[in-house]
Amino acid sequence: MVDINRRLLLKAAGISAFGTIFPSVGYLISAHAQEVISKNTAPSAKRWAMLMDISKCPAGCRDCIDACHGIHNVPLINEPGQEIRWIQKVPFSNAFPSQENPYSDISLKKREPVIMCNHCSNPPCVRVCPTQATFKRKDGIVMMDYHRCIGCRFCIAACPYGARSMNFRNPRPYIGSINPDFPTRTKGVVEKCNFCEERLAVGLPPACVAACRHKALIFGDLLAGESEIRTILRNNNAFRRRPELGTEPHVFYTG
Amino acid sequence: MKSEQDMTGHMDKNKITGRIWLCFLIAVIAIGVFFYLRQLSMGLSITGMNQNITWGLYISQFTFLVGIAASAVMLILPYYLHNYKVFGRITLLGEFLAVSAVIMSVTFVLVDLGQPGRAFNMILHPSPKSILFWDMVVLSGYLLINLVIGWVVIESERQGVASPAWVKPLIYLSIPWAISIHTVTAFIYAGLPGRTFWLTAVMAPRFLASAFASGPALLVLLCLILRRFTSFDAGKEPLQTLAKIIAYALATSIFFVLVEIFTAFYSGIPSHKEHFQYLFTGLEGHTTLVPWMWASTVLAFAALILLIIPAARKNEKWLTAACIAVFISLWIEKGLGLVIPGFIPSPIGRIGTYIPTGPEIAITLGVWAAGFLVLTLFYRLFVSVRAQSSSAVQRTE
């Protein structure tokens, strides 16, 4: 235990030293983001994770989806099979196909968990990407570089969670009102949830978490021993989507 | 004996047929280019691909054609390792077919890219963990190896000298390299978690078995076409040997598919069964591929019967029919029948539908036509060099 803590401390020291020298390395999305990051005063986490209490999520509520898609300029394309989704609600049996049983409570079947990129510790999308356009940060966030992506869609084939979307067309005409603080995408690239890394950089929680009035979404640092998410995970039985695949998803579910 | 006049009349007719063929290919390429320019400006939205089924006709053709390219080894190996002399007449045809097939494969990957202008990112930012990176390496290597071998061998033939000694090791290298291109292509599919249809260790052997049937089948057909329209005749024996190779490879390919079906259905695991149900019976009313898969199945078994019965195999009309059946059957099985069901159902249980659009089909035909244009030019060169060297042989005799 002591050894692990010491190693983490050394690692943290290493990362922060690296961070001081190259404060914005790898995370540059736009000139604006760079500006925000350079002003960064937020404490950096060692391992970000999300937790969702399915029982607290009321049917029909879309606050988290609207908030996320609004600030990230996610286009609204209303044709079947063409929708771009960073975060969505799906029936319980679609999110957890192997957790279904014919005798479960009807209220469970009616539930619609929110699903998003799981920011896996062992992400297959990162492994298969031929250009390193998708990569994993040290704090666990799986990132997309929209300027590096060649649109081969290998990452979509590799993702076992359906968390990625392809821009088959130019998304800009489908954005209601463009948020100038976040880049829009071009046609021919893949996009997905980024755990609101641009908000974390300035000390804000992810937009979906902030938008949830029911406290169904909890976000935090798993390696900070007394964080809320860590406490809930310690005291509750949480489960994850398709854990048997070894991807180590970092979106947890309870309820 | 035909009179000289007949011969020249025959030749002229073939010349005209050849010109019409080239014009036809160029027209198909032009239509393909026109629609590709539209795809460049509008994006892949002009195809039938969608968020559930993100690879379609293009990647299907890529997968199938890598097999055609790899199958050249079925000529090289018996000729160079077992000194099977009768293949000496046609090994070059196999190598040139491989070159054309690799060119088509790579082109299909390029037309499938959402941002083709950034294709060089694969070289600028290489990622050795990505199987696609290794596929690029082995495919470009294989293209280079076969181009060099083909070029050196035909140039030596043209000059009537023996091929230089350094080309021999290159030919031996091409044997494992051919295996590698189809193995690596199978690994693109076989290493993905959660895509149960592709997650099978038999994927690479399955790829090789079907390739060693479809490639030689195409080569037999090409030899028959060359005999009909040019002065080159491969002769009966190499075609009969190829027919036997096709029969064994096809039987192995069918066996591998049956092995997969056993594992899926005897285990009874829904996520393993669903893909095959989608292919052969339809899933929740989605039956797009069902008629195709049954056509593929019937053609495969019919071809196998024809190729196994010696009398049928030795009859060139039946042999032609069998080779066409093998080619179409495996084009379906290794193309759409392999790529599409991997995406159905989607990771969140959606059963999508994919139907290629007109522009997508036009682009696909354009790439095929470009491949056949390259192949035609190579084979023309081959036929003229062979005609020259055989008349030289006659003169010396």
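Every chain is numbered from 1 and lettered A, B, ... according to where its sequence line falls, protein lines coming before strand lines. Bear in mind the structure is a predicted one, so any value in this text is a computation, not a measurement.
Both the backbone and the side chain of A:A157 come within less than 4.5 Å of a heavy atom of chain B. Of the atoms belonging to A:V90, it is side-chain heavy atoms, and not backbone ones, that fall under 4.5 Å from chain B. Looking at B:L192, only its side chain comes within 4.5 Å of chain A, counting heavy atoms on both sides. Contact of B:L124 with chain A is not made at all, since no heavy-atom distance falls under 4.5 Å. Using a 4.5 Å cut-off between heavy atoms, A:P97 makes no contact with chain B at all. Of the two parts of B:S346, neither the backbone nor the side chain holds a non-hydrogen atom closer than 4.5 Å to a non-hydrogen atom of chain A. Using a 4.5 Å cut-off between heavy atoms, A:R153 contacts chain B through both its backbone and its side chain. Both the backbone and the side chain of A:F154 come within contact range of chain B, judged by heavy atoms closer than 4.5 Å. Interface remark: B:L110 contributes no atoms to any contact with chain A (heavy atom separation under 4.5 Å). Within the 4.5 angstrom heavy-atom criterion, no atom of B:T196 approaches chain A. Within the 4.5 angstrom heavy-atom criterion, only side-chain atoms of A:Q88, from C-beta onward, approach chain B. Residue A:C152 touches chain B through both its backbone and its side chain, counting heavy-atom pairs closer than 4.5 Å. Heavy atoms of B:M136 lying under 4.5 Å from chain A are absent altogether. At a 4.5 Å heavy-atom cutoff, the contact between B:M42 and chain A is made by backbone atoms alone. With a 4.5 angstrom heavy-atom cutoff, B:W198 touches chain A only via side-chain atoms.
Taking the six-membered ring for Trp and thresholds of 30 and 60 degrees, A:F92 and A:F239 have ring planes more than 60 degrees apart, a perpendicular arrangement. The aromatic rings of B:Y189 and B:W55 sit perpendicular to each other, their planes meeting at more than 60°, with 30° as the lower class boundary. Aromatic ring orientation, B:W368 versus B:F64: tilted (interplanar angle from 30° to 60°).
The closest side-chain heavy-atom distance from B:L283 to B:P345 is below 4.5 Å. In this structure the side chain of B:L336 never reaches within 4.5 angstrom of the side chain of B:W292, judged on heavy atoms. Taking the side chain as every heavy atom from C-beta outward, B:L365 and B:I31 never approach each other to under 4.5 Å. The closest side-chain heavy-atom distance from B:M104 to B:Q61 is not below 4.5 Å.
Across B:G282 and B:T287, no two heavy atoms sit closer than the pair CA-CG2, 3.8 Å.
Exactly one residue among A:E191, A:H72, A:H69 makes a side-chain hydrogen bond (donor to acceptor under 3.5 Å, both in side chains) with A:W86. That residue is A:E191.
The residue among A:S98, A:P160, A:P130, A:G188 with the most heavy atom pairs within less than 4.5 Å of chain B is A:P130. Contact tally against chain B (heavy-atom pairs below 4.5 Å) for A:R169, A:R241, A:E244: the top residue is A:R169. Considering only heavy-atom pairs separated by less than 4.5 Å from chain A, the leading option among B:P270, B:S41, B:P116 is B:S41.
Using a 4.0 Å cut-off between charged nitrogen and carboxylate oxygen, A:R62 and A:E112 do not count as a salt-bridge pair. Salt-bridge formation is not detected for the pair B:R350/B:E284: no Lys NZ or Arg NE/NH1/NH2 atom is positioned less than 4.0 Å from an Asp or Glu carboxylate oxygen.
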